[in-house]
Amino acid sequence: MNELDALVESARAGFAQAATPADLENAKAVYLGKSGRITELMKGMGSLSVDEKKTRGAAINQAKQAIEGALHARRQALADAELEAQLKAEALDVSLPGRQRGQGGLHPVSLTLERIESIFGSMGFDVAEGPEIESDWFNFTALNTPADHPARSMHDTFYVEGGSADAPNLLRTHTSPVQVRHALQHVEQHRALSDTGQAMPEIRVIAPGRTYRVDSDATHSPMFHQCEGLWIGENVSFKDLKFVFTNFCRAFFERDDLVLRFRPSFFPFTEPSAEIDIQFQSGSLAGRWLEVAGSGQVHPNVVRNMGLDPERYIGFAFGMGLDRFTMLRYGVNDLRLFFDGDIRFLTQFR
Ligand code: PHE
């Protein structure tokens, strides 16, 4: 190997050793710098003859080009490596499964409740709530259902510890007791008016919530949801009940042609009483009468238990099953689906 080839080799080795661009610039200076090896060789040609200068000059130039080539290659390699390292450091592993945040949603019965509250809200109804463990008095007695009344057997209910023998506590069998609680509160709040004989503001309220009965099959569950309504004033009649409930049902199901039927029935707390049936005019349920609520004009004894004079105040009440309304609206045929907590069912209402 001649002296120039050896120089090219040592330049290549020097460049290869340079681990950073700065190292490489230092190595470059050794060979290609102002006082580097190539410059030195050029200077050393002074004493040569013209012909020798030509050959020698060409050979040195070749070596210089080879060194420059090696320098560029190394520069490129360092730049590539740097880029690669950067890409690696910033890499996203797209093969990892994404981290999902589960999206929640409201239970279909809650959706129904929101809907009912907003429709009745638009008709001026407040929303009242009451305890699920209720006293015998609010659940039955105040609602004109005395201890020996046969209607109590319609609600074969869950009694719980805590009450006394003649006033046991129980899981409420309907949300009607909330009406009495709410009315008593309302009367108390406006006592100043009644003391001076002025008319009290009307009571217009719905009472949604959980209720309990000893019942369990595809359309009955021991725990279910009700929404009751009450409108009491000086001049509230059965025709107002018909108007309110018809408008409510049409709004709820978004069917203007929905037909309602008020079928005579019995409840201890209303007189007269009616079951409310609805009939769709189109769709899979068309033509069938579907029972959706109980209703009636509030019994004078109940009005009295609300702290109001039944000679002056009159009104109506109704009670419906939230679960039933939800089933009808979404076409669900088994009530138990609402309480299984199966996410495959529930996500369909998101
Ligand atoms: N409370 C009754 C029930 O649960 C429904 C109802 C409410 C009926 C109000 C008439 C008036 O069956």
Side-chain angles (χ1 to χ4, degrees), residues 109 113 116 120 125 127-132 134-146 149-158 170-183 203-215 219-232 236-246 248-249 260-278 290-306 308 310 313-325 335:
V109 175
L113 177 55
I116 288 179
F120 277 106
F125 280 74
V127 179
E129 286 182 355
E132 287 170 40
E134 192 48 283
S135 74
D136 178 84
W137 191 82
F138 276 112
N139 195 79
F140 291 123
T141 315
L143 294 163
N144 199 36
T145 317
H149 197 288
R152 283 200 181 194
S153 61
M154 298 197 311
H155 304 285
D156 192 8
T157 188
F158 299 101
L170 46 87
L171 297 182
R172 66 182 179 191
T173 58
H174 46 189
T175 58
S176 311
V178 182
Q179 302 182 357
V180 182
R181 288 178 177 276
H182 179 81
I203 297 172
R204 217 181 298 173
V205 71
I206 57 170
R210 271 187 283 270
T211 48
Y212 304 84
R213 286 183 204 176
V214 182
D215 237 350
T219 53
H220 296 90
S221 107
M223 189 282 292
F224 57 105
H225 300 87
Q226 269 198 345
C227 184
E228 299 237 343
L230 177 72
W231 186 352
I232 301 265
V236 181
S237 77
F238 215 95
K239 87 174 182 262
D240 297 307
L241 164 65
K242 284 182 134 177
F243 177 80
V244 162
F245 209 82
T246 302
F248 159 69
C249 287
L260 276 78
R261 175 171 82 178
F262 290 75
R263 181 165 38 85
S265 183
F266 171 77
F267 296 101
F269 27 88
T270 47
E271 180 59 35
S273 304
E275 304 276 359
I276 306 177
D277 303 333
I278 61 170
L290 308 160
E291 186 184 315
V292 294
S295 68
Q297 183 174 303
V298 181
H299 194 286
N301 288 345
V302 179
V303 174
R304 198 171 293 116
N305 289 333
M306 289 173 168
L308 293 164
Y313 295 98
I314 190 167
F316 62 79
F318 54 84
M320 60 188 141
L322 289 182
D323 312 288
R324 180 134 178 81
F325 269 76
L335 174 69

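Both counts, for ligands and for their atoms, begin at 1 and track the order of listing. If you're wondering where the values come from, they're calculated on a predicted model, not measured in any experiment.
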Is there a polar contact, in the sense of an N or O pair closer than 3.5 Å, between Glu228 and ligand 1?
yes
- [ ] Show your reasoning for whether side-chain contact (heavy atoms from CB on, under 4.5 Å) applies to Lys242 and Leu260.
- [x] CA-CA 9 Å; Lys242 284 182 134 177; Leu260 276 78; over 6 Å; no
*asked:* Between ligand 1 and Ser295, is the shortest N or O to N or O distance under 3.5 Å?
replied: no
**Asked** Is the backbone of Thr175 close enough, under 3.5 Å, to the side chain of Thr211 for a donor and an acceptor to pair up by distance?
**Response** no
In ligand 1, the atoms that come under 4.0 Å of a heavy atom of Gly294 are 6 (C), 8 (C), 10 (C)
Among Arg172, Gln297, Arg213, closest by heavy atom to atom 12 (O) of ligand 1 is Arg213
A student checking ligand 1 against Thr270 at a 4.0 Å heavy-atom cut-off should list atoms 11 (C)
Here the atoms of ligand 1 under 4.0 Å from any heavy atom belonging to Ala317 are 9 (C), 11 (C)
(request) Taking the six-membered ring for Trp and the full ring for Phe, Tyr or His, determine whether the centres of Phe267 and His174 are under 6.0 Å apart. (result) no
Quick one: do Glu291 and Arg324 make a salt bridge, cutoff under 4.0 Å? no
So the atoms of ligand 1 within less than 4.0 Å of a heavy atom of Gly319 turn out to be 6 (C), 7 (C), 9 (C)
Is ligand 1 less than 4.0 angstrom away from at least one heavy atom of Met320? no
Partner of Met306 under side chain to side chain contact (heavy atoms under 4.5 Å, CB included), picked from Arg181, Gln179, His182, is Gln179
Between Gln179 and ligand 1, is there a nitrogen or oxygen pair with a distance under 3.5 Å?
no
Quick note on ligand 1: atoms under 4.0 Å from a heavy atom of Ser176 include exactly 1 (N)
Check if Phe269 has a non-hydrogen atom at a distance under 4.0 Å from any atom of ligand 1. yes
Residues passing the ring-ring contact (aromatic ring centres under 6.0 Å, His included) test with Phe138, sequence neighbours excluded, are none
Residue set satisfying ring-ring contact (aromatic ring centres under 6.0 Å, His included) with Phe120, at least two apart, ordered chain then number -> Phe125, Phe248, Phe318
Original post:
For the side chain of Asn139 and the backbone of Arg172, is there at least one donor-acceptor N/O pair under 3.5 Å apart?
Top reply: no
